[in-house]
Student: 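Got a structure here, written out as structure tokens. Questions coming.
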Amino acid sequence: METLIHQGLLPWHEQVWTDVVRASQAGGGLLLFGPSGHGKRFLGRRLAQALLCEHPLPGQHPCGHCQGCLLFNAGQHPDFIEIVPEALVDDFVRLRREDDESDDKEKKASKEIRIKDIRNLARMTTLTAHRGGKRVILIWPADEMNLESANAILKTLEEPGEGLCFVLVASHPAKLIPTVRSRVKSVDCGAASAVQATQWLAYRGVADSAKALGLGVGAPLKALFLFEQAAKDDSVALREQCLEWLLQAALSGVKERPVGLEALGLPQWLQTVLLLGYEVMRVKQGRPPLHLHWIEPQLQKVRLAGETALPAYLENCIDFMPMATHPLNLRMQLDDLAVRWASCFKV
Ligand SMILES: [Zn+2]
């Protein structure tokens, strides 16, 4: 995914680009928010590159050729720091890491931004820019900062050094502490429309881009990730199998689970239940499915066992989601999930 969309502006961000640039020119901090999987982080990086570009093009687009752009694209710009939780570090970030965090290798990588993730910050904020221009700190996902980290950032947001720009990127801005939110300019990055997303996926070489977008729950970057993942392992095939099995359970009751399907893992199972469950509810309300258009005829045939069972069950699944990463007994959990799922329907 990195190589495919590392450079350039995503088509659905072309409109918002002007707002983002304008907001950044006032200095201080910026919060880019919008739904997950629509490329806000790449918009944030594009902005960082534009701020560090030494010969920006009209519209404040980065030139791509100056020393600043070359260093940025190589992941080596000394005036750019991207703060990402350990569990989400990718090659682009890894390039500029000074050490490989070997002391933490044994521990499970955190999805939270912890104080140690922002340890370089203090040093960065006291220095002047290496290349004489701006300095940019991008934090993603900013809504995953724990309280200690958020408070540490807050001090710098209150008194940013000369030419220091913070770019916070978040899908759930309400999770940020209000004192941080009030000190940054918020820009709604919007979302790709289904047409924009399918066209973009097709352009990126995704076969059956509409189906990929459906499995990615309408988020083009998730869809692209799934497509690329499908070439590496069977996770996408498993997800489709899981969807089909749950659909059959809704239509004709729980049958034996196909061998190997538990390899998908409980969080993915729950996500598939939610995806399918909300599509059933839409279709029952007389609306077309939002994501799973290719199974609309079967969705029409599903009969609900009462008005409240399915919505209540889906709420339950959402509540259970944070506990799903370490199931004590996966098979038992999946059996229970399937039985309760099927009880929402008349078979
Ligand atoms: Zn440049």
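Just follow the structure's listing: the first ligand is 1, and inside any ligand the first atom is 1. In this text, all values refer to a predicted model and were calculated from it rather than measured experimentally.
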Student: What number of protein N, O or S atoms occur at distances under 2.8 Å from the Zn ion (ligand 1)?
Tutor: 4

Student: Is Phe320 reachable from Met332 through a run of hydrophobic residues whose side-chain heavy atoms are each under 4.5 Å from the next?
Tutor: no

Student: Determine, step by step, whether Lys211 and Glu240 satisfy the salt bridge (Lys or Arg N to Asp or Glu O under 4.0 Å) criterion, reporting the C-alpha distance in whole Å, the side-chain angles of both residues, the deciding distance to 0.1 Å, and the verdict.
Tutor: CA-CA 10 Å; Lys211 188 173 182 182; Glu240 282 192 69; 2.8 Å; yes

Student: Under the ring pair (Phe, Tyr, Trp, His ring centres under 6.0 Å) rule, what pairs show up with a residue in residues 268-295, not counting sequence neighbours?
Tutor: Trp245-Trp269

Student: Here's a test for you: under side chain to side chain contact (heavy atoms under 4.5 Å, CB included), which of Gln49, His65, Arg45 qualifies with Asn73?
Tutor: Gln49

Student: Passes side chain to side chain donor-acceptor pair (under 3.5 Å), Asn329 versus Gln333? Steps please.
Tutor: CA-CA 6 Å; Asn329 186 327; Gln333 297 270 18; over 6 Å; no

Student: Linking I/L/V/M/F/W/Y whenever their side-chain heavy atoms sit closer than 4.5 Å, directly or via other members, would Leu247 and Leu261 fall into one cluster?
Tutor: yes

